[in-house]
Every structure is written in structure tokens, then in C-alpha cells.
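Presented below is the structure to which this report refers.
Because only heavy atoms are used, hydrogens play no part in the values below, and waters and symmetry mates are left out as well, while side chains stay in. We number each residue from 1, following the sequence as shown. Predicted, not measured: the structure shown is a model, and the values here were computed from it.
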Amino acid sequence: MQLGDQTVLSSRPGSGRESRLLGGSSSSSSSSSLAFVSLSADHPLFPPHDGAPPPFSIKGGPNPDLVKAEVTWSARRGDLYEKERVLRTVKGILNKRIPEKYDLLKGYLIDSGITSADILKGVISLIFDKAVLEPTFCPMYALLCSDLNDKLPSFPSDEPGGKEITFKRVLLNNCQKAFEGANKLREEVQLMTAPEQEMERRDKERMVKLRTLGNIRLIGELLKPKMVPEKIVHHIVQELLGHDDKACPAEDNVEAICQLVNTIGKQLDESPKSRRKNDKYFSRLKELTTNPQLAPRLRFMVRDVVDLRANEWVPWREKGGPTPALVKAEVPLSARRGNLCEKERVLRTVKGILNKLTPVKYDLLKGQLIDSGITSADIFKGVISLIFEKAVLEPIFCPMYASLCSDLNDKLPSFPSDEPGGKEITFKRVLLNNCQKAFEGANKLREEVQLMTAPEQEMERWDKERMVKLRTLGNIRLIGELLKPKMVPERIVHYIVQELLGHDDKACPAEDNIEAICQLVNTIGKQLDESPKSRRKNDKYFSRLKELTTNPQLAPRLRFMVRDVVDLRANNWVPRREESLSVTVEFIENQVAQFAAAFAKRPNLVSDRGMVIKLIHWERPPEGWVSLNTDGCLKNDYKVAACGGLIRDHYGDWLKGFTANIGTCSVPEAELWGIIHGLRLAWSLGYRKVLLGVDSKLVVDQINDVKTRSMRHMNILSDIKDILARSWEVKVTHIYRECNRAADHLASQAALHERGLKTLDAPMVSLQQILRDDYIGVAWARRIPIAVT
């Protein structure tokens, strides 16, 4: 909670927009560069990674003066096209969608300036994307589509003799494309089998599933106002069930059927003809409830739908009655999963070791990694890819990962080449190949991102640009750290600097290249100055960098960044501020012990009795549960209230998040809104065991009926009670602010955004350090009542 609270640790500055995992594409690089002479010739490219460069400046002295830009940002940006202006207006209206303001916002949308078929298609795409990503609000979006279909004009076809372009026709085309394209997307995801693509594959699977179920929900809601013909719905059900009655439908299809039948099953039973078709569908569904090929979770889901129809479409919670009894699965999950292959087993072991790797446990975990069972070249390459991915995504720990790579290079065996007469496969060679792929593939990835010019791709383009930049800087930081233990030849570093600066001294390098140069020089600039030969090359680089500090083509932020690097060398590589690192639990325990000893010597410093100092940290949920943390805040500077939250699994990995700018309300009300949005999100994602952590004791007591209920918040509390009463298990607990820093940060960022709710598929950049601290168990000292302990 933000009102009147002092933050324990300020979060790193960063972008306020949410980021996503980049969907990397594969291609082949050309022949190896001269600098990477020891590497193989052909490598598939994959995207570069993380790491924002820390601020560097000389020790002492005043901060540099700010310089006003020669050309204002608004002038450089230029005028927006009419289509882009309308789409931005519509996007703002959709972000403010509230049922209470429906009629007002609908009028704004109708009057937003939809004057061409191209703009109409863009507006419909925005509405469709919002609806499928927010299935809870599909009834409202379906009503909006029905009203807009009546109010908005139609336009002549782009092709001679073509059909008129109407709202309904374009919307149904979007629904059809999403439905028919789902299988192709799943096939593309299934091709992502590389170990380093596991996280990306999971995220894409989750997104495909979310969009598919959202599209099905929207189609069902559109049937109610007759925006979708009934024959289309029957066609969809038949396609999802499949034409072979003996075959078991895919799991995603079974979920989609249950979603659709829950939405419009009652309506399909109203006419005799449609009811006869429905009878056939439910006959098939009854067979699925006992099909051992289907997971128990899905069999229960189908059984709920069958029971719903038998109960005349009245949910059992509304009608009352006992909870359905649990049925033990005929075949345990472990047996159905089958045995893991040797490679997958080793990679899972290594991934678990890397997730626990810290400077304190370095020697112990390094030994476990060496003994993990790396017995083939294929497993060997997979392990190196995992280490490389972790290093570039966690640049602050690159020194530790570089030391690990050096030790593993000495300890792990080498393997014969896959090709006759090829070079031996060693740790160093494979690692440098990965670094080379990331460095050489960055430009191609930027070119792919620049091709994303459609208005609906704007957010995705920003996210991918940010991810390319972060991976590039993380790779550069790792290469610099690898130079220190001589894992990377010095000539490669010089080659990289020359490539980043460019071969034309009069041309200004790209902005991303400037940041990469500063990152690399900050990491190993001092080492390059140690030998006379290398120092002469360094002099040339810094002569060029000095020119860039006055180059008007370069943004002021980058000119100051280059100036800091130049001043750092002039100050004999002594930074004014040392780079801050995350502290360990042992360090905090020592600080707490000293703090307690000081209190023991001077007890008059303690103003209240019955208190004890305890280490507080975020705790992972038990296996099978997810952790939901929410928070609300009131930003007096902006006169707005906001909330945010996130869902993590029992490993501590990010699953989903959200931010919501609420408007004007009290802090407790913002907290309650955060709980509502968080619970709805967890329910929509299918999680049925949730640990909800809130840092407001007042709010937790109100939810748990501890005689603190406020009449002012009765409506919101009633909504929360309704959500909690669903068929799932939710434990609402009070946690301290130190354990809720991630949700607190999301709520703070939400206050800076436009009104409305946004879901986050991946954590924003400024949140990653907090998530890292929670993941490794960074603790905070807090004085709490003895009764609580």
C-alpha cells in the first residue's frame, strides 16, 4: 500500500510498459566473421537478451548539466495520420470501459470519426482483441458490437462487385480467422522443442489457449443478439468434437466446448430442431466423462456441463445442494506422463540448479552441476544454452556466470564432432558460438521488428524492441565478463567494439550500438588499458567516443551516457558510485544481529514493548497452488487510485499480472478492486488453488468477517464473496509490505497509465529485479509483535 508508507527498497528505474517474451525466429548466419575464427560456420540465430547498463560517472564532482534538445520531440514525431488518430481515440475509450459508463462511452466511440473502411476494420480489430483477452467482459463487448452494427455506417467493397463492408461481416471474419488459425498456431508452438525455448513455448501455449477460449466465449455471446447465425455455432461444436466418435478430442477443444456450452447451451435447447442436435452433442460429452484418455480435470469439467443441463441450466451453487464428490483417477498422472528421456531429465536438473545458484552456494551447486549426468554432446549443448540464457537475462550476475563457465570449461569433458573431420565439441567453443549467434542475429531481429507497422501491432512492437535490446546488452555484458578469465580472446572484443562503432567515422552509430559500447567499455575498459598494444586501440575508440559527446544526431540521454564512460577512463576507471548488488540472507542476518545488539545496549531506543525483529521475505506457495499478490495505492501527485497484482507458481515463476487505473477512490477501495481483478484473472486462467496475499490487515479482516466490515465497501465486498464462493479453494492471508513489493510496484505503475485494466503476459522491465529478489529469497528485517511470531 502506498499511502503514507515508506518504501523499504526503491525499485530500479525502467519502462512502465509491460514486456513480453520475444518469439524468436531461426535462420542461418553467413560465414563466421574473422574475429570468431575458432567458431563453426553455420549457426541458427536466436534472439539476444537482458540488462540495462548501470549508471557510471567519475568519483566526486558535480553532475553534468542537462542539455536542451535542438529539435523538440513533438516536432520530430510528426503528425499522426487520421487512421492512427482515430484508433488511438478508440483504444483510449476501450481502456475506460466500465458497465456503468457504457452508454456514454458507446456514444464517444460512434462519434470517434470512423469515415473509411480501413478505419472501420482497425476499430473492429481493436474491439475483437480486447474482447478475447478479457473474456469476463465478453457479454458487454457483444452488446457493444450489436449496437455498433446498428449505428455505424457500411462502406463499399474494395474489390469490384464485392460485398458491402459492414461491422458484422468484418467481425465474423475476425472470429473465423481466430478459430481456424488456432490449430496452426499450436503446431508452430509444438515445433519449439529446444531447451532454451521452454519458457517461450509455455508462454505462447498459454496465450494461444487464452485467445482461443476468449474467441469461443465471444462467439457464444454474439449468438444472443443474433450477431452470429446458429448454424455457425453448430459447425464450431461439431469441429471441436471431431467427426470420429471413437477418437478423443484434443484437450484445448474439450475446454472450448465446455466454454461454449456454458455460454449458450440453454439457448440451443429452446428450439426443437436445435435441441435434437444438442442431444447428440451431450451424448458424446457423457462418453467423454469416462474416457481414460482424458485428464481427470477435463473429465470433471465435462461432467459439470452435463450436470448443468440435467439441472435445467441452473448452476448447482445457485440451486443449492452438496458439492460433487471427488473421483480418484483410474491411471495416476505420473504413469500417463511416461518416463522422461535422459536429456530432458538432465536439463531439468540443471535448470533447478541454476535457479538456486547464488554466490553463497556457488561451490556446492557447481559440483552438483558437474555431476548432473552430461554424457553426450546433445546434452552438453543443451546445458550450455541454459547457462547462456540465464546469464544474459540476469546481467547483474554475469560475473558469477562467467566464473561458472570458466570452471565448467576446465571440469566438463569434451565430445567428438558430429561431422567427420570436424573440430572437437568443447564448452568454450559452444559457448562462444552462442555469443556469436546472439551478436550477429541482433540486427536481423531489429529489421523484423521494424516491419511491424500495423497499428494493432504497436504494443507488440514496443515489447519486442525492448526484448531485443535487453538480450543484446546482456550478451555484451557476458562477453565482457568472459574476457577476464580469458574465455574470450581479446581480438573478439576489439572486433565487437569496431562493429558497434561502425567503419564510417562520420556516421553516427545506432542508439542500441551506443548503449552496447558503453556497457562493454564499463565492463572491461580497464583491462583493455593494461597492455600497450590494446591501449593504443582503446585510444582510438575513446577519440571517437569524445566526438559522439557533441554529436547533435545523438539523443541527449546517450550523449551523457558516452560522457560518463569518457570521464570514467579519465578518472583511472574509478566510478563515483559502485554498482549495487542484491544482498544475501546471511548479510541481512548479520545486520539484524548488530541491530539487535545495539537495542540490547540501549533499550530506551525501543518505544514499544512486546516486539521482536524477524526476517521477512516472499514465500512460494505449496506445489499445486499458485500465489496471487495484489495491492492498491493512491497517488496524490496524480489524484488517482490504482491497483495491480501478479500470479506466480510454486517455483516462483511469473504466470500472469495485471494493472488497473481506477480513478478516484480511497486506498481500501483500491485494495478491494485489486483483489477482485486478481481473483477474476486467476479464475479465468483455470487456477483452482490460490493463496491470496494482501498487505492491508483491514481489508483482510473485512473479507474474513472479523467485525470490521465497512458499509461503504459492502458492494465490493459482496462481489468478492461471490467470487470466493465458486468451486475453488482460496486462502486469504495478510502479508507484510516487504513480501508484497511486486504487487506494490505494479499498482504504482498503473497510476501512470490510462484508465482501465491491462493484463500482463510477462513482467515489465522495472519489475524484474524485485521478482529476482523474491525468487532467491532476499529477506528484510522488520519489528513485529511477539504474538504474531
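Contact detail for N409 and M487: the closest heavy-atom pair is ND2-SD, 3.8 Å. Summarising the geometry of P509 relative to L548, their closest heavy-atom pair is CD-CD2, 3.8 Å, with the distance given to 0.1 Å. The shortest heavy-atom contact between F388 and A438 is CZ-CB, 3.9 Å. When every heavy atom of D774 is checked against every heavy atom of R741, the shortest pair comes out as OD1-NH2, 4.4 Å. Closest approach of R477 and Q519 over heavy atoms only: CD-OE1, 3.8 Å. Counting all heavy atoms, side chain and backbone alike, A743 lies closest to L646 at N-CD2, 3.7 Å.
T523 places none of its side-chain heavy atoms less than 4.5 Å from the side chain of L483. Between I492 and F439 the shortest side-chain heavy-atom distance does not fall below 4.5 Å. Counting only heavy atoms from C-beta outward, the side chains of L408 and I370 approach each other to under 4.5 Å. Counting heavy atoms from C-beta on, the side chains of L473 and P395 never come closer than 4.5 Å. By the 4.5 Å heavy-atom criterion applied to side chains, I647 and F658 are not counted as neighbours. Using a 4.5 Å cut-off on side-chain heavy atoms (C-beta onward), L412 and F380 make contact. Counting heavy atoms from C-beta on, the side chains of I353 and L357 never come closer than 4.5 Å. Side-chain contact check for V488 versus C435: every heavy-atom pair is 4.5 Å or farther apart.
Within 6.0 Å of NZ in K526 there are 12 or fewer heavy atoms belonging to other residues, nucleotides or ligands. Surrounding CG of N572 are at most 12 heavy atoms belonging to other residues, nucleotides or ligands under 6.0 Å away. The local environment of OH in Y651 is sparse, with at most 12 non-hydrogen atoms from other residues, nucleotides or ligands closer than 6.0 Å.
With F427 as the partner, the side chain to side chain contact (heavy atoms under 4.5 Å, CB included) test is satisfied by one option alone out of I374, L432, I387, D407: I387.
Between K469 and E465 there is no salt bridge, since no side-chain N of the basic residue sits under 4.0 Å from a carboxylate O of the acidic one. By the 4.0 Å N-to-carboxylate-O rule, R348 lies close enough to E344 to be salt-bridged with it. Remark: K204 does not engage D761 in a salt bridge, criterion side-chain N to carboxylate O under 4.0 Å.
Using cut-offs of 30° and 60° for the angle between ring planes, the F542 and W573 rings count as perpendicular.
Checked by atom type and distance alone, the side chain of S543 never pairs as donor or acceptor with a backbone atom of D539 at under 3.5 Å. A distance-only check finds no donor-acceptor pair linking the side chain of R446 to the backbone of V468 [under 3.5 Å]. Remark: the backbone N or O of P399 is not paired with any side-chain donor or acceptor of S403 at under 3.5 angstrom. A donor-acceptor pair under 3.5 Å is formed between the side chain of R544 and the backbone N or O of L501.
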Problem - Verdict with reasoning, K366 to D363, per side-chain contact (heavy atoms from CB on, under 4.5 Å) - result: CA-CA 5 Å; K366 179 187 72 176; D363 292 326; 4.3 Å; yes
Exercise for the section: I would like to know whether E515 and R557 meet salt bridge (charged side-chain N to carboxylate O under 4.0 Å, His left out); could you show each step before the answer? Expected result: CA-CA 10 Å; E515 290 199 51; R557 176 182 68 88; 3.2 Å; yes
Practice task
Check the pair T193, R201 against side-chain contact (heavy atoms from CB on, under 4.5 Å), reporting the backbone distance first and the verdict last.
Solution key: CA-CA 8 Å; T193 56; R201 184 179 68 250; 5.5 Å; no
Practice task
Just do the side-chain contact (heavy atoms from CB on, under 4.5 Å) check on N538 and V497 with the steps written out, would you?
Solution key: CA-CA 10 Å; N538 226 11; V497 176; over 6 Å; no
Exercise for the section: Using the side-chain contact (heavy atoms from CB on, under 4.5 Å) rule, take N433 and Q436 through it: C-alpha gap first, then chi angles, then the decisive distance, then the call. Expected result: CA-CA 5 Å; N433 281 347; Q436 181 186 10; 4.2 Å; yes
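Using modelled atom types, one finds no donor on one side chain facing an acceptor on the other under 3.5 Å when comparing E447 with N443. Between the side chains of S414 and E424, a donor-acceptor pair is found at a separation under 3.5 Å. Side-chain atoms of K758 and N661 form no donor-acceptor pair, as typed in the model, at a separation below 3.5 Å.
The cationic group of R772 lies under 6.0 Å from the six-membered ring centre of F397 and within 45° of the ring axis, placing it in a cation-pi geometry.
The NZ atom of K356 sits 8.5 Å away from atom OH of Y775, with the distance rounded to the nearest 0.5 Å. In this structure, L520 CG and I496 CD1 are separated by 6.5 Å, a value rounded to the nearest 0.5 Å. Between the CG atom in L478 and the CG atom in L431 there is a gap of 6.5 Å [rounded to 0.5 Å]. Taken to the nearest 0.5 Å, the OH atom of Y362 stands 8.5 Å off from the CE atom of M400. The distance from atom SG of C398 to atom CG of L482, rounded to the nearest 0.5 Å, is 8.0 Å. D529 CG to R569 CZ: the interatomic distance, rounded to the nearest 0.5 Å, is 4.0 Å.
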